[in-house]
Amino acid sequence: MKTLLLKLEPLIWFMFGQGILIGTILLTGWILVVGVLMPLGIVDPANLDYTRAHELATASLFGVIPLGQLILAALLVLPLWKGAHHIRSLLVDFGGGERDGIVGGLLYLVAIVGSGMGIAAVVGL
Amino acid sequence: MAGPAHPHSMAPPKPGRTRAAPPQMPASWWNTSRMRTYLLFDATGIIYLLVGFVAIRMIRALAEGAGAWQAAMQSLENPIYIGFHLLSLISVIFVAVRFFRLFPKAQPPSIGPLKPPPGPVIHAALYAVWIGVTVVMSLALAGVIF
Amino acid sequence: MSSTNTGEAIAPTQKTIIITRFDPDKDEVPRKQEYSVPCEDNWKVLDAVNFIKDELDATVSHRWSCRMAVCGSCGMMVNGEPKLTCKTSLKEYGDRVDIEPLANFPIVRDLVVELDGFMHKFEAVKPWIKRAKEKAEDKAALHDTKLTFSQSAEELGNFKQFSMCINCMLCYSACPVVANEPDFLGPAAIALGHRYNMDSRDEGNAERNEIFRGEGTVFSCSFANECSEVCPKNVDPAAAVNQAKFEAVIDWAKGLVLPSPSSGGSN
Amino acid sequence: MEITRHDIVIVGGGGAGLRAAIEAAENNPTASIALVSKVYPMRSHTVSAEGGAAAVAREDDNLELHGFDTVKGSDFLGDQDAIQYFVQEAPKELALLENWGCPFSRNEDGSVATRAFGGMTTKRTWYATDKIGFHMLHALFQQSMRYKNIVRYDEFFVSKLLVDGGVCRGVAALDIRTGEYEAIVGRAVILTTGGGGKIFPFTTNGTIKTGDGMALAYRAGVPLKDMEFVQYHPTGLPGTGILITEATRGEGGYLRNSKGERFLVDYDYGVGNKAELGPRDMISRAIVQEIEAGRGLSGPYGDYVHLDLTHLGADTINAKLPFVRELAKTYVGVDPVTDPIPIRPVVHYMMGGVDTDIHGATEMPGLYAAGETACVSINGANRLGSNSLTECLVFGAAAARHAMEFSQGSSNGSDAALLAQVEEEAGRVENLRGRKKGGEKISEIRRELNAVMESGYGVYRQQDTMQSGVGAVAQLRGRVADLRLEDDSKVFNTELITALELANMVEVAEALAVSAAHRKESRGAHTCRDFTTRDDENYLYHTMAYHDPAGPRLGKKDVVLGKWEPEERKY
Ligand SMILES: Cc1cc2nc3c(=O)[nH]c(=O)nc-3n(C[C@H](O)[C@H](O)[C@H](O)COP(=O)(O)OP(=O)(O)OC[C@H]3O[C@@H](n4cnc5c(N)ncnc54)[C@H](O)[C@@H]3O)c2cc1C
Ligand code: SF4
Ligand code: F3S
Ligand code: FES
C-alpha cells in the first residue's frame with residue numbers, strides 16, 4: 001500500500017493542493033449562502049428554488065462550455081482530497097506513521113468514492 | 001518534558017557503533033501557538049471532507065428533481081446543520097488566511113520560462129480572487145445576479 | 001549601545017541549568033541533572049554549558065566549536081525548543097533552563113545526538129553540481145578562469161538563500177513529520193537538493209526530482225513551517241521543500257506526457 | 001584493535017583536507033583515500049572565514065603583482081619559489097571551486113566579483129558576501145561526496161603518527177564515539193589539521209583549533225617552522241574574539257579612536273582613503289598605540305577602538321556584509337548600520353607550522369602537510385588576508401598529488417609493528433581516561449597557558465616577558481602529565497579529547513615561545529619593543545624548532561629569495 005501511495009503521491013498532492021486553493025475559494029460563497037444565510041432566513045431560500053438552481057448549475061459559457069457543471073465538479077471533488085490528505089497528515093503527526101499506508105489508503109478510497117459520486121451527480125444534472 | 005518520537009526517526013543507515021537512546025520529542029510539542037495553528041489547519045481536513053459530502057448530497061438531490069431539492073434545502077435548516085456550516089465557514093476562512101500567507105514561498109522562482117510575480121503581489125492576488133469569487137458566487141446563489 | 005561593551009560588568013545571576021544525561025554504558029534511559037550556575041548577563045546558553053563542563057562537572061558531553069553561529073554543531077533543545085545555543089541569549093530564559101539533546105535524533109551521549117542518519121539523507125540528494133556533459137572530463141577547462149560560469153544576480157538569488165544552511169539540524173528537531181516518518185528526507189536535505197536544482201550551473205534536476213519522489217518523498221512534508229520558524233540562518237527550508245514539491249510534480253507530469261529520457265549517469 | 005588500509009590518509013576535513021581528498025580521488029580513481037577528522041568536516045573552522053580568497057582575476061592585475069604583494073606582506077620571509085607557484089595556481093583553484101558550485105558574489109556582467117583587501121594593491125579577493133569560508137567548505141564537502149573512494153572517518157581523533165623505518169605509514173585514531181583506537185594505515189599521510197589559535201585566550205579561532213597536527217608532526221621529529229609569527233587580526237569583538245572581517249575595511253569602513261578620528265591616516269600604512277587597507281600586523285600595532293596613547297575606549301573586556309561602517313549605508317551592508325551585521329547584533333548588541341562596532345586586535349592565524357617544501361612534503365618520507373597547519377612558507381612573517389584559503393586549495397592539491405605519487409612507489413609497512421604502536425598509544429590514552437589520581441585541572445592549566453601566551457606573545461613583545469614565558473610554558477608541560485580526569489566513560493568522552501588537545505597546545509606553545517624569544521628583531525607580526533627594526537643581516541632565515549624532551553631545540557633554514565630583494569616595507 002505504502003509503495004502504491006508513493007507512486008501516486010504527486011497526483012495526490014496535486015489534488016490536495018487544488019483542494020486547498022480552489023476548494024477554499026469556491027466553498028466560501030457556497031457555505032455562506034446555502035449553508036448559513038438561507039437556512040437562517042437572512043436570504044430568502046426561494047431565490048434558489050429548483051428551477052433557478054438547476055438553471056445556474058447547468059449554465060454554460062457560449063453555449064458550449066458547461067461552466068456551472070465544471071464549477072460544481074471542482075466544488076464537490078476537491079475538498080474531499082484536501083480533507084483526506086490533511087486527516088492523514090494529522091494522524092501521522094500523532095504517531096500514525098507506522099500505519100500510514102493502510103490509513104492513508106482508506107482515506108483516499110473515501111475521497112475516490114466521493115469523487116465518483118460527485119461527478120456522477122454533476123453529470124446527471 | 002520529553003516523550004518518545006518514532007523509534008527510527010533520524011536513525012543511521014547501519015546501526016550505530018554504540019547503544020543510543022531512542023529519539024525523543026517534547027511531550028507537549030503540540031502545545032505551542034504555532035503548532036496549534038498548524039494542527040488546526042490540518043484538522044480542518046475533517047470539515048472539508050464532511051462539507052464535500054454535504055455538497056454532494058445537495059447536488060444529487062438537484063439531479064433527482066424539484067422535490068428532492070426542496071427537501072434537501074429544508075434539511076439544512078436543522079440547527080445541527082447550521083452549526084456545522086458556521087464552523088465550516090470559520091474553517092475555510094482560517095484555511096485561506098494561513099494558506100495564503102504561506103503560498104508565495106511555495107512558488108518556485110520560475111516555472112519553465114514563466115516567472116511568478118513577487119510574494120506580496122501573489123498574496124494580494126490570492127485575496128482578490130478569493131473575495132471576488134466569493135462575492136460573485138454569493139450574489140449568484142442569492143439570486144441577485146444572473 | 002548595549003551594556004555588553006561599555007560600562008561596568010554586571011554581577012552574575014544564579015540559574016539552575018538542567019542537563020539531560022545519558023551514558024549508554026551506565027544509564028538505561030536518559031536522566032536529568034541539575035547544576036547551579038552563576039550566569040553572566042551577556043552569556044549565551046552555550047556559555048552556561050561550557051561553564052558546567054569546565055568548572056562543575058567535566059563528564060558532561062556536548063558538541064561545539066565556532067561559537068559564532070556558523071559551524072552548526074551546538075544545536076540543543078532549550079526549554080523544549082531547538083536552539084543554536086551559541087546564538088541564543090541566556091537572558092531570554094528564567095531561573096530554570098532545561099537543556100536537552102536535539103529532539104527526533106537518537107541520543108549518543110548526554111547532549112550529543114546521532115548524526116549519521118542525517119548525513120545519509122544529506123548525501124542522498126546528490127548535493128553537487130551535475131552537468132549533462134561533465135566539464136570534468138576536460139580537467140584543463142575546469143581550471144581555466146575564463147571558463148568560470150557566468151551567473152546573473154537573479155540566478156544567484158534563486159538559490160542563494162538555500163545555500164546558507166549550516167546543517168545544524170534544528171529544523172529536523174522541530175518538524176512533526178520527521179518525528180513520525182523515519183524515511184522522510186527532511187527539511188535541510190531537501191533544501192540542499194533544491195539549492196542545486198535552482199543553481200543555473202546545474203543540470204541534475206531530473207535525477208534529483210526522482211529522488212524527491214522516492215522513498216524519502218518530499219510529499220511527506222505537511223507544510224508545518226516549523227522548520228523555517230526555528231532555522232537560525234533564515235534558510236527558509238519550508239519554502240525549499242514546498243518549491244521542490246512543485247518542481248517534482250511538474251517533472252512527474254512531464255514524464256507522463258513525454259517518454260522519459262534516460263536519467264543520466266550514476267552520480 | 002582494527003586496522004584498515006588505504007593508499008593515503010588525510011588528517012583533517014577543513015578546506016585543505018577536503019581539497020586534498022578530492023585531488024587524490026581524481027588523480028587516482030582506484031586508490032582508497034581516508035579522510036579522518038575530529039569533527040564532521042562541515043564543522044571545521046574553515047567555515048568561519050568571512051572575507052574572501054585571493055587570486056588574480058581582473059584585467060588590471062597580474063601574477064607578478066600578487067606575488068610581490070605577498071612577498072612584501074611577509075616582510076620578505078616568505079619563500080619566493082613557493083609564492084610564485086602559489087599565485088600561478090591560485091586562479092585555477094578558485095575557478096575550480098566556482099565550477100564546483102561555490103556561490104561567489106558576482107559583477108553586473110555575471111563574472112565573479114572581487115573586493116579590496118589589506119596589503120593587496122588591487123581588488124583580487126573573490127568573495128561570497130562575507131561567508132567565503134562557509135561556502136567554500138560546504139562546496140568542497142558536498143563535492144567530495146561524489147567520490148566513492150574517499151572513506152570518511154568522522155569524529156575520529158588522531159593522537160599519533162605511525163612511523164616505521166623512518167617512513168610515516170598511518171595514524172592511530174581514537175574513535176570518539178566508541179572510545180576505541182583504530183589503526184588507519186596508508187602509504188602516505190597528509191596533515192591538514194588547521195592552526196592552534198586556542199593557545200591564546202582571545203582568538204578568532206574555534207575551540208577545535210588546538211594545533212594537533214603541529215604537535216603530531218613535532219613529536220614525530222619533524223620541525224616546526226617560523227612559529228614565532230602569530231597574526232593578530234585588527235578587528236575582533238571584545239569579549240568573545242569573534243572576527244569582524246577585513247572586508248569591512250575593503251568595502252570602505254573606517255577605524256576611529258575615542259575622539260572619532262580616523263587615526264590610521266596619521267600612520268603611513270596606506271595613502272589617503274586607503275588608510276584602512278594596510279596589512280594586519282601594522283594596523284594591529286596602530287590600534288595598540290592609539291590605546292596606549294589614551295585614545296581608546298574602555299569596557300568590561302578591555303580597551304577597544306571603533307570600526308565605523310555607518311557611512312556605507314544599510315544597502316551596502318546588507319548586500320555585502322550581512323554576516324557582519326548579524327554577528328555584531330548578536331554578540332555585542334550593535335547594529336553597524338547605525339552604530340560603530342567595538343573592536344580590538346585578536347589572535348587569528350599562525351604563519352608558522354609544520355615545515356614543508358613546495359610540494360607539501362615534510363622532512364619525513366611519507367608525511368605531508370598543507371593548510372594552516374603547514375608552513376610552506378608563503379606567509380613568512382605576516383600573512384595577507386585572503387591568501388590562506390587559497391593556500392589551502394593550492395597546497396592541499398599539491399600535497400595530494402605528491403603524496404599519491406609517493407604512495408604508489410612505497411611499500412606497506414609491517415602490520416605488526418604498526419599495530420604495536422597503536423596498542424601502545426591506546427594503552428597510554430586508556431590510562432589517561434578517568435585518571436582520578438591526577439592533581440591538575442584541565443581548565444586551570446588552559447587558563448594559565450592562555451595567560452602566559454597573552455602576556456608574552458602579544459602584538460608587541462619584550463625580551464623579558466618572552467623569556468619568562470618560555471619557563472612558564474615548560475613548567476606547564478610538566479604539569480600536563482599530572483592531569484586529573486573525571487570522566488571514565490568510553491562513549492563520546494569529550495573530557496579525554498580536551499586533555500589530549502591540551503597536551504598538544506602546550507607543545508605548540510612551547511615551540512612558539514622558544515622561537516619567539518630567540519628572534520631579536522622586529523619583522524612582520526613579531527614586533528619587539530627592545531629590538532625595533534628588522535635585521536636582515538642576522539635574522540633573514542626561517543626558525544626551525546625540533547622536539548626534544550628537554551625543550552625545543554632551534555635550527556635555521558634559508559629563506560628562498562629570488563626576483564624580489566628585501567627592502568624596507570613601506571605602504
Ligand atoms: C574567523 C576566521 C576568519 C578567516 N577569514 C579568512 C579569510 O577571509 N580569507 C582567508 O584566506 N583566510 C581566512 N582565515 C584563515 C583560514 O580560514 C584558515 O587558515 C583556513 O581555513 C585553515 O584551513 P585548514 O583546512 O588548514 O584547517 P581547518 O579548517 O581548521 O580544519 C582542520 C581540520 O582538521 C581536523 N583535525 C584537527 N585536529 C585533528 C585531530 N587531532 N584528529 C583528527 N582531525 C583533526 C579538524 O577536525 C578539521 O576538520 C580565517 C580564519 C578565521 C579563524
Ligand atoms: S535549514 Fe536551517 S535549521 Fe535546518 S539545518 Fe539548515 S540552518 Fe539548520
Ligand atoms: S517543519 Fe516539516 S512538515 Fe514540512 S514545512 Fe518544514 S518540513
Ligand atoms: S558553536 Fe558553531 S554554531 Fe554554535
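Source: prediction; values computed, not measured.
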Quick check against the 3.5 Å criterion: does C/Arg109 have a side-chain atom that pairs as donor or acceptor with the backbone of D/Lys490?
no
Without swapping roles, check the side chain of C/Arg201 against the backbone of D/Glu98 for a donor-acceptor pair under 3.5 Å.
yes
Min side-chain heavy-atom separation D/His138-C/Ser163 under 4.5 Å
no
Note: C/Glu154-D/Arg106 ion pair, threshold 4.0 Å (strictly below):
no
Does the side chain of C/Lys53 come under 3.5 Å of the side chain of D/Thr498 through a donor N or O and an acceptor N or O?
no
Under the ring-ring contact (aromatic ring centres under 6.0 Å, His included) test, which residues partner C/Phe162, sequence neighbours left out?
C/His194
Check this for me, if you would: do D/Lys441 and C/Glu55 make a salt bridge, where the nitrogen-to-carboxylate-oxygen distance has to be below 4.0 angstrom?
yes
Criterion side chain to side chain contact (heavy atoms under 4.5 Å, CB included) against C/Val70, the qualifying member of D/Lys131, D/Glu326, D/Glu50:
D/Lys131
Contact between D/Met42 and C/Phe122 at the side-chain level, heavy atoms closer than 4.5 Å - yes or no?
no
Please state whether the side chain, the backbone, both or neither of D/Ser443 comes within less than 4.5 Å of a heavy atom of chain C.
side chain
Cation-aromatic face contact C/Lys44/D/Tyr331, 6.0 Å, 45 degrees
yes
Give a yes or no answer on whether the side chain of D/Arg43 reaches the backbone of C/Gly72 with a donor-acceptor pair at less than 3.5 Å.
yes
Tell me, for D/Arg484 versus chain C, whether the close heavy atoms (under 4.5 Å) come from the side chain, the backbone, both or neither.
neither
